[in-house]
Amino acid sequence: MRFDVIIIGGGFAGLAAGVALADAGKRVCLLEQKPYLGGRARSFQDPATSSVVDNGQHLFMGCYHSTIQFLKTIGTLDRVQFQTKLSVPFLDRDGRLTHLDCPDLPSPWHLFLGVLGSGSFTLKQKLEVLRLGKGLHNGGTTNGPANVESVTEWLTRRGQSEGLQRNFWNLLCIAAMNEDPRAASARLFERVLRLALFSSPEDSRLGIARVGLSECYTAAATAFIESRGGRVETGRGVNQLTVADGACRGVDLGGGERIEDVPVISAVPWHQFATMLPVDLARNEPFFAVGLALRPAPIISINLWFDAPITDLEFAGLRGTTIQWLFNRSRILGDKGHYVSLVLSGAREHVSRSKEELLAISLRELGGMLPAVRKAKLVHSLVMKERFATFSPSPEADALRPPARTPVHGLYLAGDWTATGLPATIEGAVQSGYTAAKEFLDLSR
Ligand SMILES: Cc1cc2nc3c(=O)[nH]c(=O)nc-3n(C[C@H](O)[C@H](O)[C@H](O)COP(=O)(O)OP(=O)(O)OC[C@H]3O[C@@H](n4cnc5c(N)ncnc54)[C@H](O)[C@@H]3O)c2cc1C
């Protein structure tokens with residue numbers, strides 16, 4: 001069969017590009033090296049418990065406009081449930097429970113009144129948040145060296161106390177950017193805050209998938225592409241891009257198998273893209289050298305199954321502990337078990353710890369917050385380390401992220417690491433897929 005375009009990679013970016021191009025009447029051939037689709041946002045059935053486990057709990061947000069559009073197009077938006085308004089419970093290490101509940105008012109009042117009415121902050125901290133929020137809302141806070149500034153430097157310069165940073169901003173920064181605020185880009189964080197908190201109450205809402213992550217999009221996107229004359233193949237890795245005379249001519253699948261004379265969209269992470277590039281291009285073309293200098297940032301997920309309920313909360317931000325977020329998976333998925341998932345993002349300093357050590361830390365911290373944990377019996381656990389979860393959004397990383405259009409004719413880039421202006425997120429991945437599809441359509445007209 002003859003195809004109009006090859007897409008390499010079956011994560012959010014590749015599938016979004018495939019759906020956009022299939023929608024535009026193109027015959028798409030999508031190749032995924034793994035036996036399953038979903039990439040870094042996927043789910044599987046745990047053999048010991050039969051629970052549906054995500055490779056790490058993902059949160060969506062109302063400001064994920066491209067993702068919402070993508071899920072609408074493939075008909076699965078109802079699998080992600082969005083809050084009616086932003087509401088976040090926080091559990092302190094001693095078990096104190098507070099809430100940030102934002103009323104349904106125009107931005108920024110929804111956030112301001114939410115913060116003022118919340119028990120999560122002292123009066124002094126509330127005033128600090130309002131001061132920063134006012135500056136953001138008026139559009140003028142990066143009048144400092146924001147291009148090179150870290151989040152911590154920026155927050156300190158904006159008068160945010162150490163306690164407020166530790167108990168609020170750092171939690172948001174690590175959740176949204178997957179990086180320690182001392183190493184994360186202030187400019188990117190400021191953009192995230194504007195989009196997520198200071199745009200509109202709808203954009204601030206959190207969304208949680210009510211099914212396994214893969215079930216949210218992989219099969220439906222495949223059906224969409226294949227019903228329009230395309231094909232999605234798993235277990236089909238690309239060895240190398242075929243490049244000659246400054247143009248991409250297709251892909252080499254190894255074992256003498258090639259697909260020739262078809263333009264290519266690469267939707268694989270930066271470190272995997274490097275392995276597909278012909279050596280001379282990797283060495284001599286600065287465009288590619290730049291993007292490949294990005295550094296990874298890990299995420300650890302600790303999944304715990306108990307024999308009795310340990311909390312009624314659906315999720316909570318955890319303050320003053322190593323683990324940062326708690327998700328009550330049984331409640332989220334509507335099953336009868338007592339399964340929770342804990343998230344430790346920006347986990348560089350913890351990733352070398354043994355799984356036993358991480359389990360012990362989690363149980364100790366969780367037991368300090370939720371007395372029921374001390375009485376319940378742990379029946380099963382699964383600790384997962386995603387060492388290449390995202391790229392590290394350091395102040396230097398912005399300049400390293402390449403656009404969709406490359407200097408090689410017929411080769412386009414997608415993926416959360418490309419120049420989306422967003423951290424490595426589902427939204428960044430989907431946006432990048434749409435951008436690459438648009439570039440392809442514009443240039444092939
Ligand atoms: C644990 C964890 C938690 C996260 N939490 C959140 C969250 O709460 N909210 C949020 O928005 N984002 C979150 N993210 C980030 C989000 O998952 C990613 O940004 C997004 O999934 C990236 O999608 P992608 O399509 O760009 O890349 P990927 O999902 O990595 O897809 C790339 C695909 O390309 C394939 N591939 C690679 N090389 C080849 C080859 N040579 N041939 C064929 N195929 C190839 C890979 O196997 C992979 O399937 C999280 C990520 C992790 C790991």
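Remember, it's 1-based here, ligands and their atoms both numbered in the order they're listed. Just so you know, residue 1 is the first one in the sequence shown, and it goes up from there.
Neither side chain, Glu32 nor Thr234, offers a donor N or O lying under 3.5 Å from an acceptor on the other.
For residues 5-16, no residue pair satisfies the salt bridge (charged side-chain N to carboxylate O under 4.0 Å, His left out) rule, not counting sequence neighbours. The side chain to side chain donor-acceptor pair (under 3.5 Å) contacts involving residues 217-231 comprise Arg231-Glu233, where partners must be two or more places apart or lie in separate chains. Within the structure, side chain to side chain donor-acceptor pair (under 3.5 Å) pairs that include any residue of residues 249-263 comprise Arg236-Glu257 (at least two apart or interchain).
Ion pairing of Arg331 with Asp312 is absent here, as no side-chain N (NZ or NE/NH1/NH2) approaches a carboxylate O to less than 4.0 Å.
Note: Phe90 and Trp325 have tilted aromatic rings, judged against thresholds of 30 and 60 degrees for the angle between ring planes.
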Just list the N/O pairs, ligand 1 to protein, that are under 3.5 Å apart, with the distance for each.
unit_1: ligand 1; atom_1: 8 (O); unit_2: Leu59; atom_2: N; d: 2.7
unit_1: ligand 1; atom_1: 9 (N); unit_2: Leu59; atom_2: O; d: 3.0
unit_1: ligand 1; atom_1: 11 (O); unit_2: Tyr64; atom_2: OH; d: 2.7
unit_1: ligand 1; atom_1: 11 (O); unit_2: Ile426; atom_2: N; d: 2.9
unit_1: ligand 1; atom_1: 12 (N); unit_2: Ile426; atom_2: N; d: 3.4
unit_1: ligand 1; atom_1: 14 (N); unit_2: His58; atom_2: NE2; d: 3.3
unit_1: ligand 1; atom_1: 17 (O); unit_2: Arg40; atom_2: O; d: 3.4
unit_1: ligand 1; atom_1: 17 (O); unit_2: His58; atom_2: NE2; d: 2.7
unit_1: ligand 1; atom_1: 19 (O); unit_2: Asp416; atom_2: OD2; d: 2.6
unit_1: ligand 1; atom_1: 19 (O); unit_2: Thr425; atom_2: N; d: 3.4
unit_1: ligand 1; atom_1: 19 (O); unit_2: Thr425; atom_2: O; d: 3.3
unit_1: ligand 1; atom_1: 25 (O); unit_2: Phe12; atom_2: N; d: 3.2
unit_1: ligand 1; atom_1: 25 (O); unit_2: Ala13; atom_2: N; d: 2.9
unit_1: ligand 1; atom_1: 26 (O); unit_2: Asp416; atom_2: N; d: 3.0
unit_1: ligand 1; atom_1: 27 (O); unit_2: Arg40; atom_2: NH2; d: 2.9
unit_1: ligand 1; atom_1: 29 (O); unit_2: Arg40; atom_2: N; d: 2.8
unit_1: ligand 1; atom_1: 30 (O); unit_2: Arg40; atom_2: NE; d: 2.7
unit_1: ligand 1; atom_1: 30 (O); unit_2: Arg40; atom_2: NH2; d: 3.2
unit_1: ligand 1; atom_1: 41 (N); unit_2: Val238; atom_2: O; d: 3.0
unit_1: ligand 1; atom_1: 42 (N); unit_2: Val238; atom_2: N; d: 3.0
unit_1: ligand 1; atom_1: 44 (N); unit_2: Gln33; atom_2: N; d: 3.1
unit_1: ligand 1; atom_1: 47 (O); unit_2: Glu32; atom_2: OE2; d: 2.7
unit_1: ligand 1; atom_1: 47 (O); unit_2: Gln33; atom_2: NE2; d: 3.4
unit_1: ligand 1; atom_1: 49 (O); unit_2: Glu32; atom_2: OE1; d: 2.6
unit_1: ligand 1; atom_1: 49 (O); unit_2: Glu32; atom_2: OE2; d: 3.2

